[in-house]
Amino acid sequence: MSELNECDTAAQYSGKATMEKITSLAKRRGFVFQSSEIYGGQSGAWDYGPLGIELKNRIAGAWWKEMTQLHDDIAGLDAAILMHPRTWEASGHVENFTDPLVDCKKCKSRFRADMIPEENLASKKCPDCGGELTDTRKFNLMFKSHIGPAEDTASVIYLRPETAQGIYVNYKNIIQSNRMKIPFGIAQIGKAFRNEIVTKNFIFRTCEFEQMEMQYFVKPGTDEKWFDEWRRRRWAYYEKLGVKMDHLRWHQHGADELAHYAKDAYDIQYLFPMGWRELEGVHNRSDYDLKRHSEFSGKDMQYIDQDNNNERYIPFIIETSAGLTRNLLMILCDAYDEEQVAQEKNSGSSEGTASGTAGSADDWRTVLRFHPALAPVTAAVLPLMKKDGLAELAQDIRRELKEDYAVDYDQSGAIGRRYRRQDEAGTPFCITIDYQSKEDGTVTLRFRDSMEQIRIPRAELTSRLKQEIKAYKRIK
Ligand code: GAP
């Protein structure tokens with residue numbers, strides 16, 4: 001499906017998020033900032049702030065655990081971004097990794113030819129100013145530079161446009177070092193760079209981004225079975241993360257969409273506020289990559305099956321390729337909610353206990369309903385008052401919890417406002433310390449989603465949080 005058609009599906013989105021709200025909250029709360037903002041910003045690049053880096057690390061951690069810890073047959077790798085330039089000739093990127101580009105001769109705007117209406121392309125009319133468009137030409141998306149002091153053809157180097165190739169060139173190393181037997185996989189998370197013609201929708205499509213890719217090496221003839229299996233596993237993964245499953249769907253690539261290496265390909269699409277868009281690709285890459293690397297490097301890339309009379313073959317590769325930064329945008333949109341709520345217990349006062357009487361006025365809140373395992377801050381410790389030793393007690397509890405969880409501490413303002421601040425950051429648990437805590441060693445545990453509050457002994461906090469994170473079920 002072309003990007004143009006995908007844009008038409010924005011009307012199907014009925015959630016509370018808009019890209020404007022997400023971008024503004026991301027900046028306000030320190031998830032994502034524009035790159036080099038003080039110089040007017042660098043398009044296609046973004047900086048991840050204190051909450052953003054925590055969220056990104058947790059999304060990467062969840063993927064890494066899923067792919068390596070939970071799979072004995074998958075090994076990890078962190079290959080270099082800079083690779084021998086022959087890599088990109090072998091992979092087909094030098095020849096094929098292009099987008100169709102048109103320029104407006106009048107306003108100098110640049111467009112991807114497949115992202116502007118066909119009538120504009122046919123009439124060569126700029127969709128922005130009506131000026132004349134150039135002919136469509138191929139534009140290679142790889143960033144090219146030079147390594148070393150001489151800027152000649154011998155020194156050309158590319159920033160990798162995908163992490164996958166670092167895996168293919170190491171496949172034999174990993175078989176040897178880890179005694180891997182087919183079928184097996186190699187997983188990698190890392191930066192990738194593409195000179196995208198159009199970067200819009202915040203961090204959805206950027207020039208610098210991160211990928212989480214896994215390449216699974218299989219015997220030819222078993223590739224279709226493994227392709228189906230990896231599609232099933234990747235779908236189940238998002239379900240486990242608590243993503244709204246009615247916002248996910250499959251899209252199979254038609255013949256006109258298939259990449260040069262692909263025998264078959266499906267995208268997992270997510271319903272973003274701007275419509276259905278690709279989140280992750282599952283590709284049957286056939287034996288294209290290893291055959292090409294064999295050809296270009298002169299090295300034998302065959303697998304020798306010692307359990308089967310030393311049978312030799314070039315494995316097929318099933319790839320699961322997800323954008324880490326795009327996953328972060330998805331998780332932000334998926335978690336975003338606004339709701340009208342009754343004023344919470346004790347929320348406006350500084351009475352002595354956290355479980356005082358409920359107020360009457362209604363209130364609005366913005367809440368990020370992150371899965372607690374992904375939330376940048378797991379728990380916030382809030383002393384009801386600063387005085388009478390409550391702050392000291394709260395700091396002590398914070399210190400204890402910090403060993404196991406990312407914990408925030410906030411003692412300023414009315415407790416209701418502090419809860420709202422934590423809701424907006426997606427903190428799943430608030431722990432409120434009051435005078436009763438001093439007397440009987442109990443604290444109030446407040447749940448972000450239901451806003452329910454319970455009293456539990458301080459000594460049970462660590463294990464209770466662990467239990468709650470494991471048993472978490474999204475209620476909205
Ligand atoms: N190795 C295969 C590959 O790179 P892809 O469909 O080009 O396949 C895989 O990219 C994933 O990487 C996409 O589904 C998307 O999540 C992410 N991605 C690709 N280009 C991106 C960009 N310019 N900005 C952010 N994420 C991007």
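Counting starts at 1 for both ligands and their atoms, following the listed order. For clarity, every value in this text was computed on a predicted model and none was experimentally measured.
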**Q** Look at atom 12 (O) of ligand 1 and say which protein heavy atom is nearest, naming residue and atom and giving the distance to 0.1 Å.
**A** Gln211 NE2, 3.2 Å
**Q** Is there a polar contact, in the sense of an N or O pair closer than 3.5 Å, between Glu162 and ligand 1?
**A** yes
**Q** Is the ring pair Trp226/Tyr216 parallel, tilted or perpendicular, if the boundaries are 30 and 60 degrees?
**A** tilted
**Q** Under a 4.0 angstrom heavy-atom cut-off, which atoms of ligand 1 come close to Glu213?
**A** 1 (N), 2 (C), 3 (C), 4 (O)
**Q** For atom 2 (C) of ligand 1, what's the nearest protein heavy-atom neighbour? Residue, atom name and distance, please.
**A** Glu319 OE1, 3.1 Å
**Q** May I ask you to check whether Trp230 and His71 place their ring centres under 6.0 Å from each other?
**A** yes
**Q** Would you mind listing which atoms of ligand 1 come within a distance below 4.0 Å of any non-hydrogen atom of Arg285?
**A** 1 (N), 2 (C)
**Q** Name each donor-acceptor pair under 3.5 Å that joins a side chain in residues 238-245 to protein atoms two or more places apart or in another chain, with its distance.
**A**
unit_1	atom_1	unit_2	atom_2	d
Tyr238	OH	Glu280	OE1	2.6
Tyr238	OH	Asn327	ND2	3.4
Lys240	NZ	Glu66	OE1	2.8

**Q** Nearest protein heavy-atom contact for atom 24 (N) of ligand 1: which residue, which atom, what distance?
**A** Thr206 N, 3.0 Å
**Q** Just which atoms of ligand 1 are under 4.0 Å from any heavy atom in Glu280?
**A** 14 (O)
**Q** Looking at the rings of Tyr288 and His260, which for Trp means the six-membered one, are their centres under 6.0 Å apart?
**A** yes
**Q** Is the shortest heavy-atom distance from the side chain of Pro220 to the side chain of Pro315 under 4.5 Å?
**A** no
**Q** If you have a sec, work out which protein heavy atom is nearest atom 6 (O) of ligand 1 and how many Å separate them, to one decimal?
**A** Glu278 OE2, 3.0 Å
**Q** How far is atom 26 (N) of ligand 1 from its nearest protein heavy atom, and which residue and atom is that?
**A** Phe209 CD1, 3.4 Å
**Q** List ligand 1 atoms under 4.0 Å from Glu196, heavy atoms only on the residue side.
**A** 22 (C), 23 (N)
**Q** What atoms of ligand 1 come within less than 4.0 Å of a heavy atom belonging to His283?
**A** 2 (C), 8 (O)
**Q** Could you find the nearest protein heavy atom to atom 20 (N) of ligand 1 and give me its residue, atom name and distance?
**A** Arg194 NH1, 3.3 Å
**Q** What part of Leu279 sits under 4.0 Å from ligand 1 if we count only heavy atoms: the side chain, the backbone, both or neither?
**A** backbone
**Q** Any carboxylate oxygen within less than 4.0 angstrom of a Lys/Arg side-chain nitrogen, looking at Lys124 and Glu132?
**A** no
**Q** May I ask whether Glu210 places a heavy atom under 4.0 Å from ligand 1?
**A** no
**Q** Tell me: protein heavy atom nearest atom 25 (C) of ligand 1, and distance?
**A** Phe204 O, 3.2 Å
**Q** Which atoms from ligand 1 have a heavy atom of Tyr261 less than 4.0 Å away?
**A** 2 (C)
**Q** Taking ring pair (Phe, Tyr, Trp, His ring centres under 6.0 Å) as the definition, give me every residue that meets it alongside Phe97, ordered by chain and number, with sequence neighbours left out.
**A** His93
**Q** If you take the centroid of each ring, where Trp contributes its six-membered ring, are Phe272 and Phe204 closer together than 6.0 Å?
**A** yes
**Q** Are Tyr472 and His371 near enough that their ring centres are under 6.0 Å apart?
**A** yes
**Q** What about Ala322: any of its N or O atoms under 3.5 Å from an N or O on ligand 1?
**A** no
**Q** Are Trp276 and Tyr13, when compared by the centres of their aromatic rings, separated by less than 6.0 Å?
**A** no
**Q** Considering heavy atoms of the protein only, find what lies nearest to atom 9 (C) of ligand 1 and give residue, atom and distance to 0.1 Å.
**A** Ser321 OG, 3.0 Å
**Q** Tell me, with the steps shown, if Arg112 and Asp114 meet side chain to side chain contact (heavy atoms under 4.5 Å, CB included).
**A** CA-CA 5 Å; Arg112 249 174 70 172; Asp114 59 344; 3.0 Å; yes
